[in-house]
Amino acid sequence: MSDRNMTVPLRYRFRGQIDTTGRVIVAIIGLAFALLPVLLIVTASLDPRDSMVRQAIIPENANFENYKDLFNNQIHPFGIWLLNTLKIASITSVLTIFICSISAFAFSRFRFRGRRGLLLSVFLIQVFPNSLTMIATFLLIQGIGLFAPFMGLNSHGGLILVYLGGAMGINTWLMKGYFDSVPRSLDESAKMDGATNWQIYWRIIIPIVKPILVVVALISFIGAYSDFLIPQIVLQDTRQFTIAVGLTLFIRGGHYTEAWGVFSAGALVGAIPIIVLYLYLQKFLARGLTAGAVKG
Amino acid sequence: MSAARLKGGASAPSSLLNDDVPRHPFFSSKPFRIAIRLGLLAILDTVSLLFIWTLIANGRYPLAIVVFLVTVGVNVAFLYEKAYPFKWFSPGLALMIIMLAYPTAYTLYVAFTNYGDGHLLTKIQVINQLESRTYLPEGAREYSWTAYRSEGGEFILWLQSEEGDFLADPGEELAPADRVPRNILGPLDSNGIPTEISGYQRLSRVEVLKHLDELSAVEYGVAPDTARVSSLDAAQQLEQRYVYDRQIDAMVDQIDGTVYSPVEGAFTSEDGRVLRPGYWVAIGTKNFVRLFTSPALAGPFVRVLVWTFVFAALSVFLTFVFGLFFALVLDHPRMPAKRTVRSLLLIPYAVPAFISVNIWRAMFSRHFGMITTTLESIFGSSPLWLADPFWAKIGILIVQTWLGFPYMMLICTGALQSLPDDIFEAARIDGAGPLHQFWHLTLPLLLVAVGPLLIASFAFNFNNFTVIDIFAEGGPPMAGTLTPAGHTDILITYIFRLAFASDRGADFGYASAITIVIFAILAVVTALQFRYTRVWEEISENV
């Protein structure tokens, strides 16, 4: 991203004014394509007429009625969905970094028989995610619910459990790579002082590897927040829904077919936490910490 | 551990262990730690055993076995000194085995069964269900009856017949009057019928009329000795209709002696009559044979399969082309406001797909959609984006491009900036024009760098449920198919429809067979990824 001291590398052949103008025009077209849908819902969310046909950027009679409707809706309790989603995503993300960091620590610090095979299995099993084995996952959650209803069908516990099952895999790999870069001399000197493995993990490694913990926490938060398939399989009552499955009801469901205004307000409110997280994540993305983390 | 210590660790990790915070010796003593560990393990084992017991009681043996093995594994990890690394893996591995590996194996199994609507129960459950069916034989024993009702709306009957009086309770065996404890019966009236029975009120003639439908819907007694109210005055003894004959493994109809033998998970007579429900049974490779050869099923499946590949490949291609294009355009020293433009272009990537695809769906919608109305005002007409098989696909590809190009731009920008300048200089000296340089230097070098990410993107889009399901729910539907397939369905949304979202009934076995096809394709893609990224070699070196 640097301008490299303003020396123009030789692969840039056209250097004239025309070239720059061309680039600016292309960039503007690109921006229009990228931002139009976003601007559209900002406008629609302020428009009391529940319509998406738009002439002016700021609609006549612009107000926040749609936002009020959104949070006062009895049939589609958006506020509850938002809280549900934040709860599920936060718990998933905290438990994911715990589970993966202790595994990554063991992979990085211990040498034992079967390590190589285990490392490979962890990578290979996650090739078949729960979204693919949705039928078996459904039956599994049903089975768990026989014993522990708070982790069965229609429970947030069940949903979190599914996400945690998929937590190992790529996250452990990302973390292990980062842990490996922490010099082992640090743990060895701690060991000399009589530290246990747990103390080395908790008091030496964890403080150093915070960046990768943040990245994994964000990726798993965003993943759980945006998932559209597993909640449809696990959750049944409207009040238990996450935003992802709830939001579509505003434009598909029986009560509110094509309630664009309220939908747009919900879309904006729902998108903001993730956009903020992405802007924060961007600096890590640039550092290449998230290699392989395709958008989910 | 306190936050203060964590912070201290971040700044000076090596001095951390000089015991900055003293602890009570008891809590760090070995006996204490071992006691805590054993206590927790005992709690875990108790919970596990209760869970396993519940599973066995419900006939879920495979899951019970897996939970048992995982529990044993966790115990070994914590009790056997040499297995200490597995203590650290135990939470993650236990979850991975139960929540991920087990469903994968189970899917393999279900693919070879007929599991689904009409075949949801086990054979034993079906036999029990069929054996509880009754019929009214000719010349059945007749009773006259009197009804009693509890506060909760449950009914019992007092039956009178030539053989004597009985108390009849649904689900309990008929009790002869002399064996009913006297103290629960109220005083008898002139006909010898109790005026009340403990907890139940005798119904008057008027009340009987009011509840007659409910009364006659219930079977009183336990099969095979049950009675049912057949008229206002009479109740009749019913008899068991089907009897399971263990010797010949068949159900025998007691009315006419027809023998129903098991055929593919349903008791079937010789002339082809079938007793419902059927049960869950392995049917070999039948689901796979249907998948590829049955004209009614293979047609939609092959079309969905082809579109899945086209969709995933074009998604990668289009996002890569657009991403690279914008990366090239912006990657220029004199481009103004580069960083701001890049950040803004990343917004489509940052908005969750479930939100942005909904917005696009709105824009493409027929009556209000901005794209539709704009096209209509310019050209006088617009394609029916969501209802036309061809245009729905085009619409999805537009949405996919929008969603994915920022990510590609990001990785291409990174890769472009790391290309060495000297080879471009050499090329220029050799007289290569800019286009030639692009095709023969930039692109090949770039592809080497981003190749693995392109494969990952392909694999991701291959199963991109969110985009397909939100945009048009896989629709428009294909006409004249037996299964709920749509023109924009990809394999994973098709599986979802087969299993969960169809009014034509769930077909778990067939849907699982399709899942196996995806497994196979993903295995190939993963193998490719391995070759590119050399993950395997990385492991070998690191060990």
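Below, chains carry the letters A, B, ... as their sequence lines are ordered, and counting in each starts from 1.
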* Asked: Among all residues two or more places apart in sequence or in another chain, which pass the ring-ring contact (aromatic ring centres under 6.0 Å, His included) test with B/F322?
  -> none
* So which part of B/F405 gets closer than 4.5 Å to some heavy atom of chain A, the side chain, the backbone, both or neither? -> side chain
* Structure fact -> Applying side chain to side chain contact (heavy atoms under 4.5 Å, CB included) to A/I29 and not counting sequence neighbours gives A/I25
* To do: Can you tell which part of A/F107 gets under 4.5 Å to a heavy atom of chain B, answering side chain, backbone, both or neither?
  => both
* **A/L268, part contacting chain B, at a heavy-atom distance under 4.5 Å** => neither
* **Which portion of B/I518 sits near chain A, non-hydrogen atoms under 4.5 angstrom** => side chain
* Answer with yes or no whether the side chains of B/T493 and B/D469 bring together a donor and an acceptor at under 3.5 Å. => no
* **Distance-only donor-acceptor check, side chains B/Y407 and B/S457, under 3.5 Å** => no
* Give, as side chain, backbone, both or neither, the part of B/T466 having an atom under 4.5 angstrom from any heavy atom of chain A. => both
* Asked: Is there side-chain contact between B/F496 and A/I233, with heavy atoms separated by less than 4.5 Å?
  -> yes
* Which portion of B/T515 sits near chain A, non-hydrogen atoms under 4.5 angstrom -> side chain
* Could you tell me whether A/D180 and A/K176 have a side-chain N and a carboxylate O separated by less than 4.0 Å? => yes
* **Flag for A/D227-A/Y163: side-chain donor and acceptor within less than 3.5 Å** => yes
* Asked: By a 4.5 Å heavy-atom criterion (distance strictly below it), what part of B/F519 contacts chain A: side chain, backbone, both, or neither?
  -> both
* **Contacting region of B/N464 [heavy-atom separation from chain A under 4.5 Å]** => neither
* chain A heavy atoms under 4.5 Å from B/V67: which part of the residue, side chain, backbone, both or neither? -> neither
